[in-house]
**Student:** 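Submitted below is the structure of interest, expressed as structure tokens.
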Amino acid sequence: MSPSHPEPSTEEPTINSKRVSEKSLNTMTSTNTSATPSGLSISSITDSNAEGASGSDTHSKERTNYYYLTPNAVSKLPNYQYHGRDMSLLYKHVLSPLAGWLVDNVTPVWLAPNSITLFGLAWMILSYSVIFWYCPGLYEGNTNVHTDGASNNNNSRSGVPEWIFLLNCIAMLTYQTLDNMDGKQARKTGSSSPLGLLFDHGCDAINSILGSANWIAAMGLFPSNINGEYSGGSIVSEFFGGDATLAALLILCPMIAFYISTWEQYYTGELILPPFNGPSEGLLLGASLSLISWGWGVMFWQETGFVDGSVELLRNSGLGESMKPVLDMVYGRVRNMDLIVLSTVLALFQEVTLKVLFVIRGYGISTLRTILPHAMLVISTLVLINYDDTVMLRRPRTVMHLVSGLFVEQTTQLMLDHMVEEEYKVLKRFCMYPMMALALAAFDGGLVSVEATDAFLLAYATGVWVYLAFKIRVQIYEICDVLGIWCFDIVTPYYSEGVNAAEGEGIVGTTVPVDMTTKKVN
């Protein structure tokens, strides 16, 4: 599985808000006390210890005119406490001790935890960009497609340098290590905060598509459902409807696991990672996949060696005759890559089933409505890819960027609503509506031309990420203002730098007037 969840810990985070400056305190006292949320006042700025006591240090504000944060969120956010645990033996005995040693012996105390998180994501963005350059269509490493290619000293007739997959392996391991370090650095420096959890969660959500896209390219998957083209007669590809569907599954499965874990945390208040999970074993296996592509070539995954070798062993054993029909059916028709897809789907099915049943038993069937936005994203994506057979050949990256943007919007909002104990507004996922319309158009067939579809996808994906950039920037600013902290600085004392902060009017940090702040947007 791909990276799906924020780095868990059994330790309680604390909010280090002692960096509230005199200027920001004066700003708070100048606001209208009648707008103060229940239980929130200047006197609520209290000490907390390293164990994360409920009365945490907060940069309390009497202002309620934030764009995304409601008065209730302003009062709830400073008191949020993270609860979770990772039952992975790999994390307990290898990954966590390694991250702890690096924090204690290498990481300077002035380095902000969010900077560590962002640096890890930068590694994955670098790897994604390099692979994007050489494999824009994802399939360029597949020599069955490039039959006229010449050897360029890359052990591949496609001309795709295999060192890019070694880079991805290194990037994934670096991301995993830094993702485990950020929480430990926060506790070491006393700078743990709800912002750190949300920032980590958001970076993990963004990283989901980066890892999936790089894995697809590393296996040379040709994303087309037309007549099983370049699938080598794979029975797995035939079963799911084609290799484009397999590519969609590799993209969607990590996202589904991520969303369901966040959904479970939304209701239970605790994130529990199973003994085998995406952030630990999943990332390590993904790095191993890339390492194999570097050492043995992309076409290793298009071969059928794993299953064929097992079939030969069974044929030479006493079970060969009784299983002959099955062995003949799978021999030469199950690629090594197919095993990756099957294991991903089966692992997802088990994890989602257990989590959904657990939440339904404890909190009722009504909890399923909160899954609807993500379910519609998954269904719309599968419909689009299956009914527009060449969309993943024409615009593979655009489709992935669009799906990723919608996924990040959903999961980060769900996490924020969990942290501030507010309702996740299912019908207000407005970004999803065009995706559903596009899927319906593809299902109808011929309703929209190929050119119009491609232009719409590009404009849609661009619009979603521009909107996300605005939303994330404003949310980070608002959360920092409520908690009295900087996002990437744990040394400089905090002061409110919003142009309207002193007057208590408008949206903090902007020039938006107060009359536009009455409508809260989720």
Side-chain angles (χ1 to χ4, degrees), residues 1-14 50-52 80-104 107 113-114 116-117 120-121 124 172-188 192-194 196-208 211 253-288 343-344 347-348 350-356 358-359 362 411-412 414-415 418-419:
M1 299 299 291
S2 70
S4 303
H5 320 306
E7 187 260 331
S9 170
T10 55
E11 300 178 72
E12 304 285 356
T14 61
E51 296 301 320
Y80 174 77
Q81 297 291 337
Y82 168 70
H83 300 280
R85 61 182 184 272
D86 189 336
M87 296 188 291
S88 166
L89 294 178
L90 177 65
Y91 174 81
K92 179 180 179 180
H93 297 291
V94 179
L95 301 180
S96 182
L98 172 62
W101 185 89
L102 290 173
V103 167
D104 292 337
T107 311
N114 289 338
I116 297 176
T117 309
L121 182 64
M124 288 302 301
M172 292 186 67
L173 294 177
T174 302
Y175 176 85
Q176 182 184 55
T177 302
L178 293 173
D179 193 41
N180 290 330
M181 289 172 57
D182 54 12
K184 299 180 185 301
Q185 173 74 354
R187 288 183 286 275
K188 171 187 173 182
S192 297
S193 73
L197 176 62
L198 185 62
F199 190 85
D200 181 90
H201 198 78
C203 287
D204 286 344
I206 294 172
N207 183 58
S208 177
C253 283
M255 293 182 179
I256 296 171
F258 195 128
Y259 188 90
I260 292 299
S261 292
T262 308
W263 172 79
E264 179 190 34
Q265 187 179 11
Y266 175 79
Y267 286 102
T268 65
E270 186 175 15
L271 177 63
I272 301 177
L273 297 179
F276 186 95
N277 60 70
S280 299
E281 290 77 10
L283 276 172
L284 187 61
L285 290 177
S288 302
S343 61
T344 300
L348 174 72
Q350 178 191 31
E351 182 175 353
V352 168
T353 301
L354 293 176
K355 288 182 178 295
V356 169
F358 174 75
V359 173
T411 52
T412 52
L414 182 61
M415 173 57 75
H418 153 67
M419 293 166 60

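All values below come from the heavy atoms of this structure, side chains included, with hydrogens, waters and symmetry mates left out. Note that this is a predicted model, so its numbers are computed, not measured.
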**Student:** Please check if atom CD in E270 has more than 12 non-hydrogen atoms from other residues, nucleotides or ligands closer than 6.0 Å.
**Tutor:**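 Yes.
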
**Student:** Which atoms form the tightest heavy-atom contact between T344 and C253, and what is the distance?
**Tutor:** CG2-CB, 3.6 Å

**Student:** Side chain of N180, backbone of T177: donor and acceptor closer than 3.5 Å?
**Tutor:** no

**Student:** Looking only at heavy atoms, which two atoms of A257 and L348 are closest? And how far apart?
**Tutor:** N-CD1, 3.6 Å

**Student:** Looking at every non-hydrogen atom in both residues, tell me the closest pair between M124 and N207 and how far apart they are.
**Tutor:**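 Looking at all heavy atoms of both residues, the closest pair is CG-OD1, 3.0 Å.
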
**Student:** Determine the minimum heavy-atom distance between G269 and H83, stating which atoms define it.
**Tutor:**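 Taking every non-hydrogen atom into account, O-CB, 3.7 Å.
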
**Student:** Rounded to the nearest 0.5 Å, how far apart are OH of Y175 and CG of L283?
**Tutor:** 7.5 Å

**Student:** CE of M181 to CG of L102: how many Å apart, nearest 0.5 Å?
**Tutor:** 5.0 Å

**Student:** Find the distance between CG (D200) and CG (L178) and round it off to the nearest 0.5 Å.
**Tutor:**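 If I round to the nearest 0.5 Å, the distance is 11.0 Å.
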
**Student:** Short question: side chain of S208, backbone of D204 - any donor-acceptor pair under 3.5 Å?
**Tutor:** no

**Student:** Given the rule in the side-chain contact (heavy atoms from CB on, under 4.5 Å) test, do T268 and F358 qualify, once you have shown the distances and angles that lead to the verdict?
**Tutor:** CA-CA 10 Å; T268 65; F358 174 75; 3.8 Å; yes

**Student:** So which heavy atom on N114 is nearest to which on F199, and how close?
**Tutor:**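 Closest approach of N114 to F199: O-CE2, 3.4 Å.
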
**Student:** State, to 0.1 Å, how close P279 and L273 come at their nearest heavy-atom pair, and which atoms those are.
**Tutor:**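 Nearest heavy atoms, P279 then L273: CG-CD1, 4.2 Å.
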
**Student:** Is the side chain of Q176 donor-acceptor paired with the backbone N or O of S280 at a distance under 3.5 Å, no angle test?
**Tutor:** yes

**Student:** If I take atom CG from residue L284 and atom CG from residue L95, how far apart are they, to the nearest 0.5 angstrom?
**Tutor:**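 Going from CG on L284 over to CG on L95, the span is 7.5 Å.
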
**Student:** Could you go step by step and tell me if F276 and L285 meet the side-chain contact (heavy atoms from CB on, under 4.5 Å) rule?
**Tutor:** CA-CA 11 Å; F276 186 95; L285 290 177; 3.4 Å; yes

**Student:** With rounding to the nearest 0.5 angstrom, report the CG to CG distance, L271 to D86.
**Tutor:** 8.5 Å

**Student:** Would the distance check show the side chain of T411 and the main-chain N or O of Y259 forming a donor-acceptor pair, the cut-off being under 3.5 Å?
**Tutor:**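 No, the answer is negative, given that no donor and acceptor are paired below the 3.5 Å cut-off.
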
**Student:** Report the distance from atom CG of D104 to atom NZ of K184, rounding to the nearest 0.5 Å.
**Tutor:**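 So the CG of D104 and the NZ of K184 are separated by 9.0 Å.
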
**Student:** Show the numbers, then the answer: is there a side-chain contact (heavy atoms from CB on, under 4.5 Å) between H201 and F258?
**Tutor:** CA-CA 10 Å; H201 198 78; F258 195 128; 3.0 Å; yes

**Student:** Okay, side chain of H418, backbone of Q265: is any donor-acceptor separation there less than 3.5 Å?
**Tutor:**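 Yes, the answer is positive, given that a donor and an acceptor are paired below the 3.5 Å cut-off.
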
**Student:** Is there a donor-acceptor contact under 3.5 Å from the side chain of K188 to the main chain of V103?
**Tutor:**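 Side chain of K188 to backbone of V103, a donor-acceptor pair under 3.5 Å: yes, one is there.
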
